Structures are given as structure tokens and as C-alpha cells.
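Chain A is the first sequence line, chain B the second, and so forth, proteins listed ahead of strands; every chain is numbered from 1. This is a predicted model, so every value here is computed, not measured.
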Amino acid sequence: MSEPRVVSPGFHARVYARVREVEPGYVTTYGDVAAALGTPRVARHVGWALSALDDDSTPWHRVINSQGRISYRGDTGRGELQRALLEAEGIVFRGDRVDMRSCRWRFEPG
DNA sequence: GGCTTGACTAATG
DNA sequence: TCATTAGCCAAGC
């Protein structure tokens, strides 16, 4: 099958490709991204891949943990930024959590 | 080739 | 709801 899938040299590139599918106003989880890649056990690598992100074209802020919370990385300040970006896109926060009931992105199979 | 790391997850109390 | 524990696996050294 010569599917035009991303056959990148690393796991991260696949993560980025999936994350870019997420549209504004939606959020997804590390586990969902990992599952979309066919490896639901590598949720940690999704986060790790995003930590190495240096690309504004990848909506890393739309990826949060399964509890609907932002993984705060201490002094990076990105946790605050992430919430700000999500709120700017219309994501509803309830306390420190995202209301994923209505904002959770659904990855298409394949 | 093996150990350590990690923006996770699910289960348990 | 929160804290703790165990499992998971690719990347980096």
C-alpha cells in the first residue's frame, strides 16, 4: 500500500502530523494521539515529542492529558500559555480542567 | 546493547 | 477529588 502516510524517520513526526489534524476549538489527549498512531501505550512519547517541538505550525496546545488537565512544566510558562491559547479558541475550562465532553477531538481511523 | 528519562494512563485507597 | 503505585515503550546517552 503506497499510502501517502508520513513515513518520517522518527516517532515525533507522526505525532505532529496527527496533532495538526486537530482543528481550533477542539482538544485531544496524549493517549488519543498515541492510539491514532496505532500505539496507545506510547502516550508519554507524545508528550515527549511535543516537548521537542519547535514549530509554530503544530497546535501542541490542543493536546492535554486524559484528566482534561494541562501538564504544567514548571518554569517554562507554557502551561499558562496553553490555557490562554485554548481559551482563545473557545475551549471551556472548569476550574483547572477542560470540559472535554464537548471539545474532544475525534481522530479518523487510518 | 543496556540503563535512564518522561508534557501519560489506569487502578487503588 | 487527591495521592500513590505500577506499567508502558521510544529516544538519548
Of the non-hydrogen atoms in [X] and [Y], which two are nearest, and what is the gap between them?
X        : Y       : value
A:Arg62  : A:Pro24 : NH2-CG, 3.4 Å
A:Phe107 : A:Arg18 : CE2-O, 3.2 Å
A:Val19  : A:Trp60 : CG1-N, 4.2 Å

Task: Electrostatic pair A:Arg106-A:Asp32, nearest N-O below 4.0 angstrom - done: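 Looking at A:Arg106 and A:Asp32, the cut-off is not met.
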Task: Crowding at OH, A:Tyr16 (>12 non-hydrogen neighbours, <6.0 Å) - done: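 Count over threshold, so yes.
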TODO: Assess whether atom CG of A:Asp96 is packed by more than 12 heavy atoms of other residues, nucleotides or ligands within 6.0 Å.
DONE: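 No, the 6.0 Å shell around CG holds no more than 12 heavy atoms from other groups.
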Under 3.5 Å, side-chain donor or acceptor atoms of residues 33-45 of chain A against the rest of the protein: list the pairs with distances, not counting sequence neighbours.
none

Task: Short side-chain N/O contact to C:dC9 OP1/OP2 from A:Arg41, under 4.0 Å - done: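 True: A:Arg41 side-chain N/O within range (under 4.0 Å) of C:dC9 OP1/OP2.
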TODO: Using a cut-off of strictly less than 4.0 Å, decide whether A:Arg14 has a side-chain nitrogen or oxygen near OP1 or OP2 of C:dA10.
DONE: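 No.
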TODO: Choose from C:dA11, B:dA7, B:dG6 the nucleotide whose nearest atom is closest to any side-chain atom of A:His45.
DONE: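 Of C:dA11, B:dA7, B:dG6, B:dG6 is nearest to the side chain of A:His45.
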Open item on the list: Quick check on DNA chain C: between A:His12 and A:Arg97, whose nearest nucleotide comes earlier from the 5' end?
Closed with: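 Going by which nucleotide is closer to the 5' end, it is A:Arg97.
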Open item on the list: Show me, range against range, the stems involving DNA chain C, built from at least 3 consecutive Watson-Crick or G-U pairs below 3.5 Å.
Closed with: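 Consecutive-pair runs (3 or more) involving DNA chain C: B:2-6 with C:9-13, B:8-13 with C:2-7.
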Which protein N or O atoms sit under 3.5 Å from an N or O of nucleotides 9-11 of chain B?
{"residue": "B:dT9", "atom": "OP1", "partner": "A:Gly31", "partner atom": "N", "Å": "3.4"}
{"residue": "B:dT9", "atom": "OP1", "partner": "A:Ser66", "partner atom": "N", "Å": "3.0"}
{"residue": "B:dT9", "atom": "OP2", "partner": "A:Ser66", "partner atom": "N", "Å": "2.8"}
{"residue": "B:dT9", "atom": "OP2", "partner": "A:Ser66", "partner atom": "OG", "Å": "3.3"}

What is the separation between atom [atom1] on [X] and atom [atom2] on [N], rounded to the nearest whole Å?
X       : N     : atom1 : atom2 : answer
A:Leu37 : B:dC8 : CG    : C1'   : 14 Å
A:Leu50 : B:dA7 : CG    : P     : 11 Å
A:Phe11 : B:dC8 : CZ    : C1'   : 12 Å
A:Arg44 : B:dA7 : CZ    : P     : 9 Å

Task: Under 3.5 Å: donor-acceptor pair, side chain of A:Arg97, backbone of A:Arg69 - done: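 Side chain of A:Arg97 to backbone of A:Arg69, a donor-acceptor pair under 3.5 Å: no, none is there.
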TODO: Would you indicate whether the side-chain heavy atoms of A:His61 and A:Glu89 approach each other to under 4.5 Å?
DONE: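 Yes - at least one pair of side-chain heavy atoms lies under 4.5 Å apart.
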